[in-house]
Amino acid sequence: MNLIILGAPGSGKGTQSAELINRYHLTHLSTGDMLRAEIAAGSELGLAAKAIMDKGELVSDDIVIGMIANRLNDKGALFDGFPRTIAQADALDALLAQNGRRIDAVIYLDVDNEEIVKRMLARGRADDNEATIRNRLSVFEAQTKPLVEHYRNQGKLRHIPGTGAVEAIAGRIRDALDTE
Ligand code: B4P
């Protein structure tokens, strides 16, 4: 099985991924984690990515597509925070098709903006200040939200209300996937 977890910044993608990878034995592919690892390692890519992430913008499609292409293996995968643009979604379809694979379902965690701002200010990561958060939310609306319609049209979207206890949300995701 190959899954995507999609949602606004701070909607809980990373949080819910932890349970999903264990339950369905998936490789966790989080572009946000990969970029933060590059920053921590002080690589050239990390330095360039940090400046973009601190502004709340998206890192270029070529960079994140390359990172995913390097890590795909034969196991099913959970794509966390990727794709974030239609170009990334098309590239992912092409990469999977090379091995006769495809995306089976897309979990869309739906959380309203005020709840997101509250959560991210509490988390306090380097890119979690209010100005950056507001910009990340508008970047999400403009560049990533079109993916909701894109995957709905393919019949793959599973709409999950993303507020409430972490375990309650995990239960909603299980219910949505187990009726596949
Ligand atoms: P990501 O690392 O993907 O991070 P995120 O969207 O901020 O967080 P996530 O949704 O995983 O939230 P989390 O579970 O942590 O992206 C960071 C940046 O990297 C992007 O802005 C971009 O610049 C760059 N990037 C990444 N992928 C890219 C791509 N494909 N293309 C281009 N650029 C890319 O949860 C957030 C907080 O809420 C946590 O503190 C958590 O504890 C809390 N929380 C979770 N569930 C909760 C619940 N049910 N109730 C209350 N709090 C909850």
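This chain uses plain numbering: 1 for the first residue, then up along the sequence. Order of listing sets the numbers, starting from 1, for every ligand and every atom in it. Side chains are part of it too, since the values below use all heavy atoms of this structure and drop only hydrogens, waters and symmetry mates. Here the structure is a predicted model, which means the values were calculated and not measured.
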Closest protein heavy atom to [atom], given as residue, atom name and distance to 0.1 Å:
| atom | value |
| --- | --- |
| atom 1 (P) of ligand 1 | R84 NH2, 3.7 Å |
| atom 17 (C) of ligand 1 | R125 NH2, 3.4 Å |
| atom 11 (O) of ligand 1 | G14 N, 2.8 Å |
| atom 5 (P) of ligand 1 | G10 N, 3.6 Å |
| atom 41 (C) of ligand 1 | T15 OG1, 3.8 Å |
| atom 27 (N) of ligand 1 | T31 OG1, 2.7 Å |
| atom 39 (C) of ligand 1 | R123 CD, 3.8 Å |

Atom indices of ligand 1 within 4.0 angstrom of [X] heavy atoms, with elements:
| X | result |
| --- | --- |
| G164 | 48 (C), 49 (N), 50 (N) |
| I169 | 49 (N) |
| S11 | 10 (O) |
| G81 | 27 (N), 28 (C), 29 (C), 30 (N) |

Measure from [atom] to every heavy atom in [options] and give the option owning the shortest one.
| atom | options | result |
| --- | --- | --- |
| atom 31 (N) of ligand 1 | M34, Q88, M53 | Q88 |
| atom 22 (C) of ligand 1 | R136, K13, E57 | E57 |
| atom 25 (N) of ligand 1 | L35, V59, D33 | L35 |
| atom 38 (O) of ligand 1 | R119, R36, E167 | R119 |

Salt-bridge contact [X]-[Y] (side-chain N to carboxylate O under 4.0 Å):
| X | Y | answer |
| --- | --- | --- |
| K13 | E19 | no |
| D112 | K118 | no |
| D175 | R172 | no |
| R36 | D127 | no |

Is the closest side-chain heavy-atom distance between [X] and [Y] below 4.5 Å?
| X | Y | answer |
| --- | --- | --- |
| L3 | L177 | yes |
| R102 | K156 | yes |
| L35 | L45 | yes |

Test item, [X] contacting ligand 1 (heavy atom, 4.0 angstrom):
| X | answer |
| --- | --- |
| Q16 | no |
| G56 | no |
| G7 | no |
| S60 | no |

Original post:
In Å, rounded to the nearest 0.5 Å, how long is the span from NE2 of H28 to CG of N22?
Top reply: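 H28 atom NE2 to N22 atom CG measures 11.0 Å (nearest 0.5 Å).
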
Original post:
How far does CG of L58 sit from OG1 of T31, to the nearest 0.5 angstrom?
Top reply: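 Answer for the CG-OG1 pair, L58 versus T31, is 9.5 Å.
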
**OP:** Check step by step if side-chain contact (heavy atoms from CB on, under 4.5 Å) holds for I160 and Q16.
**Re:** CA-CA 11 Å; I160 308 289; Q16 295 298 330; over 6 Å; no

Subject >> Whether over 12 other heavy atoms sit under 6.0 Å from N153 CG >> reply: yes

**OP:** Take T163 and R119, measure what side-chain contact (heavy atoms from CB on, under 4.5 Å) needs, and give me the verdict at the end.
**Re:** CA-CA 11 Å; T163 41; R119 282 186 193 179; 4.2 Å; yes

**OP:** Under 4.0 Å, heavy atoms only, figure out whether ligand 1 is touched by the backbone of D61, its side chain, both or neither.
**Re:** neither

